[in-house]
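Here is the structure we will look at, set down as structure tokens.
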There are 2 protein chains.
Amino acid sequence: MERTNVPNATINRIPLYLRSLQEIKDRNRQIISSHELAELVGVQPAQLRKDLSYLGEFGTRGVGYEVEHLEFQLARRLGLTREWSIAVIGAGRIGSALLYYKGFKERNLAIRAILDIDEKKIGKKVGSLIIQDMRDLERVVREENIDVGIITTPAASAQGVADQLLKAGVKAILNFAPVFINVPEGVVLRHVDLAVELQILTFFLRRHSLMEEKMDEEEVY
Amino acid sequence: MERTNVPNATINRIPLYLRSLQEIKDRNRQIISSHELAELVGVQPAQLRKDLSYLGEFGTRGVGYEVEHLEFQLARRLGLTREWSIAVIGAGRIGSALLYYKGFKERNLAIRAILDIDEKKIGKKVGSLIIQDMRDLERVVREENIDVGIITTPAASAQGVADQLLKAGVKAILNFAPVFINVPEGVVLRHVDLAVELQILTFFLRRHSLMEEKMDEEEVY
DNA sequence: CTCTGTGAATATATTCACAGCA
DNA sequence: TGCTGTGAATATATTCACAGAG
């Protein structure tokens, strides 16, 4: 029943389903149909049902899905029924903002440490954490049982930081630095680049304004 | 030559190609092969060549791509040869962090305004901008010619803010609030959820640790 | 010869449409 | 009857493999 070949596209959507389910649960809703949940997430109902079918059978035909049950199942599949310890590398504005981000704690994602190389930052407090010296990374990873490293350094330092994280025993990396980093086979790695998202937006904006110009021209004839 | 049917997957990667090209240009590199650029971006060479082929013919057979020329062409296709004006809605930690983010200015993405509804924040300075009252949104959008709105409010406010942005004349929205928002046909919309990325990571982490447990069991027999 | 550009082949992902169960 | 679960059909995306330009 725990299938192994879950498509990538499905994995990317499970957190979205979970997010909506949590919201629905907070409104004391008991049962929800694929149609309604899909609407909240912004996908097609068939898409949602197929995605869920890769994980198991959670619904009741003719009825729908029990909100709390489905929520638990998805959380379990995402590994959120245990807590994960996270270290943020880079105590800049984005790194600091992540410390305060509520969406993490709610999902058993606990930021346990923040580190930097800048002497001026080391020792200062961010939220409830003290910024630690990057030279102490191995000790921090060991003591805090760090599972995941989040890199929020400048691009030039990112690959080096990733190497240090892996050497210290971290098994997964979320990279916010605007550069591609290489890791050995088996390490879990994802990239987030805030400027990239905006550029995809401007691609479509440009296309729109070109189309409008085109239409204006045609009106002349 | 300016083809219209660029696949979505390709559009998502163009900013990554551009990012690497800018880095390469800064190192005074003149020519680069598809193989080398692909390596920097983390894709297959054939993927890169096919992606570029949807936009035009930029290389020289037997030689490679002229870095500066390709960079300009990709920037143009992403609409980055003109400046875009951006307003950030929500002067929380993430909204503020975005104001200081260098990756935007470098790419002609200019944050021109930041707004909030919180009386305590309005009037305060963030970087070089003064936090404005959300009630003045229409005026701000008009005066600053805002093209893009970035939503960094709590989930509960996001849909309302999106509606106000569109009413004020904004044509594209980047939503950081952890909720799906609905917009009419033709509006450009993208979602970024920081917690979602971490959850995809923990999905794979869990899978890894399950596999290791499995292997341990097998060793017993 | 080298490296791009691209049809053709393959692999993934989405949507349809309906069988099957409550 | 109503809604899930899922094969089959369709649409997208990636990779292969080679023709073609310098």
Side-chain angles (χ1 to χ4, degrees), chain A residues 1-17 20-21 24 29-71 73-74 77 180 200 203-204, chain B residues 1-17 20-21 24 29-71 73-74 77 180 200 203-204:
Chain A
M1 51 137 297
E2 182 125 339
R3 317 204 188 159
T4 39
N5 282 0
V6 184
N8 256 289
T10 296
I11 297 168
N12 291 335
R13 283 186 295 262
I14 304 174
L16 303 179
Y17 301 146
S20 288
L21 283 166
I24 292 159
R29 186 70 182 284
Q30 311 269 318
I31 301 282
I32 194 161
S33 67
S34 65
H35 194 92
E36 216 177 334
L37 180 54
E39 164 106 32
L40 286 170
V41 174
V43 300
Q44 297 298 315
Q47 173 103 267
L48 166 60
R49 292 201 303 275
K50 176 131 288 211
D51 281 342
L52 295 181
S53 79
Y54 290 114
L55 306 179
E57 297 196 15
F58 305 119
T60 310
R61 292 168 197 226
V63 180
Y65 300 93
E66 216 239 294
V67 173
E68 204 153 346
H69 176 241
L70 184 55
E71 185 215 4
Q73 290 299 329
L74 296 188
R77 284 318 215 83
F180 175 74
I200 297 168
F203 175 94
F204 290 107
Chain B
M1 49 136 295
E2 181 122 339
R3 321 214 181 148
T4 37
N5 281 1
V6 184
N8 256 291
T10 296
I11 297 168
N12 291 335
R13 282 184 295 261
I14 303 175
L16 303 180
Y17 300 147
S20 287
L21 283 166
I24 292 159
R29 186 70 183 283
Q30 311 270 318
I31 302 284
I32 193 161
S33 68
S34 65
H35 194 91
E36 217 177 333
L37 180 54
E39 164 105 31
L40 286 170
V41 174
V43 301
Q44 296 299 314
Q47 172 103 267
L48 166 60
R49 293 202 302 276
K50 175 130 287 207
D51 282 342
L52 296 182
S53 79
Y54 290 115
L55 307 178
E57 297 195 15
F58 305 120
T60 310
R61 291 169 197 228
V63 180
Y65 301 92
E66 216 239 294
V67 173
E68 205 154 343
H69 176 241
L70 184 56
E71 185 214 3
Q73 290 298 329
L74 296 189
R77 284 318 216 79
F180 175 75
I200 297 168
F203 175 93
F204 289 107

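So that the names make sense, note that chain A is the first sequence line, chain B the second, and so on, each numbered from 1. Just so you know, these numbers come straight off a predicted model, no measurement behind them.
- Taken over five-pair windows at either terminus, the axes of the helix from C/dC1-D/dG22 to C/dA22-D/dT1 are inclined to one another by 0° (rounded to 10 degrees).
- Residue-environment remark: CD (A/Glu39) stays at or below the threshold of 12 foreign heavy atoms within 6.0 Å.
- Contacts of B/Ser33 classified as side-chain hydrogen bond (donor to acceptor under 3.5 Å, both in side chains), with partners at least two apart in sequence or in another chain: none.
- Using modelled atom types, one side-chain atom of A/Arg29 and one backbone atom of A/Ile31 make a donor-acceptor pair closer than 3.5 Å.
- Protein atom CD of A/Glu57 is 13 Å distant from nucleotide atom C1' of C/dA22, rounded to whole Å.
- Atom-to-atom distance recorded for B/Glu71:CD and B/Ile32:CD1 is 12.0 Å, nearest 0.5 angstrom.
- Atom CD1 in B/Ile24 sits 5.0 Å away from atom CG in B/Leu40 (nearest 0.5 Å).
- Listed by chain and residue number, A/Ser34, A/His35, A/Ala38, A/Arg49 satisfy the side-chain contact (heavy atoms from CB on, under 4.5 Å) test with A/Pro45 (two or more places apart in sequence, or in another chain).
- Applying the side-chain contact (heavy atoms from CB on, under 4.5 Å) rule to B/Ile11 yields the partners A/Ile200, A/Phe203, A/Phe204, A/Arg207, B/Val6; only residues at least two apart in sequence or on another chain are considered.
- Distance check, rounded to the nearest 0.5 Å: CZ of B/Arg77 to CG of B/Leu52 gives 11.0 Å.
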Do nucleotides 9-14 of chain D as a string where each nucleotide becomes B, S or -: B if the base has a protein heavy atom under 4.0 Å, S if just the sugar-phosphate does, - if no protein is that close. ----SS
Between the protein and nucleotides 1-4 of chain C, list every N/O to N/O distance that falls short of 3.5 Å.
unit_1 : atom_1 : unit_2  : atom_2 : d
C/dC3  : O4'    : B/Gly62 : N      : 3.3
C/dC3  : O2     : B/Gly62 : N      : 3.0
C/dT4  : OP1    : B/Ser34 : N      : 2.7
C/dT4  : OP2    : B/Ser34 : OG     : 2.7

Kindly indicate, with the supporting measurements, whether the criterion side-chain contact (heavy atoms from CB on, under 4.5 Å) is fulfilled by B/Leu37 and B/Leu48. CA-CA 8 Å; B/Leu37 180 54; B/Leu48 166 60; 3.7 Å; yes
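- For the atom pair CD of B/Gln47 and OH of B/Tyr17, the computed distance is 5.0 Å after rounding to the nearest 0.5 Å.
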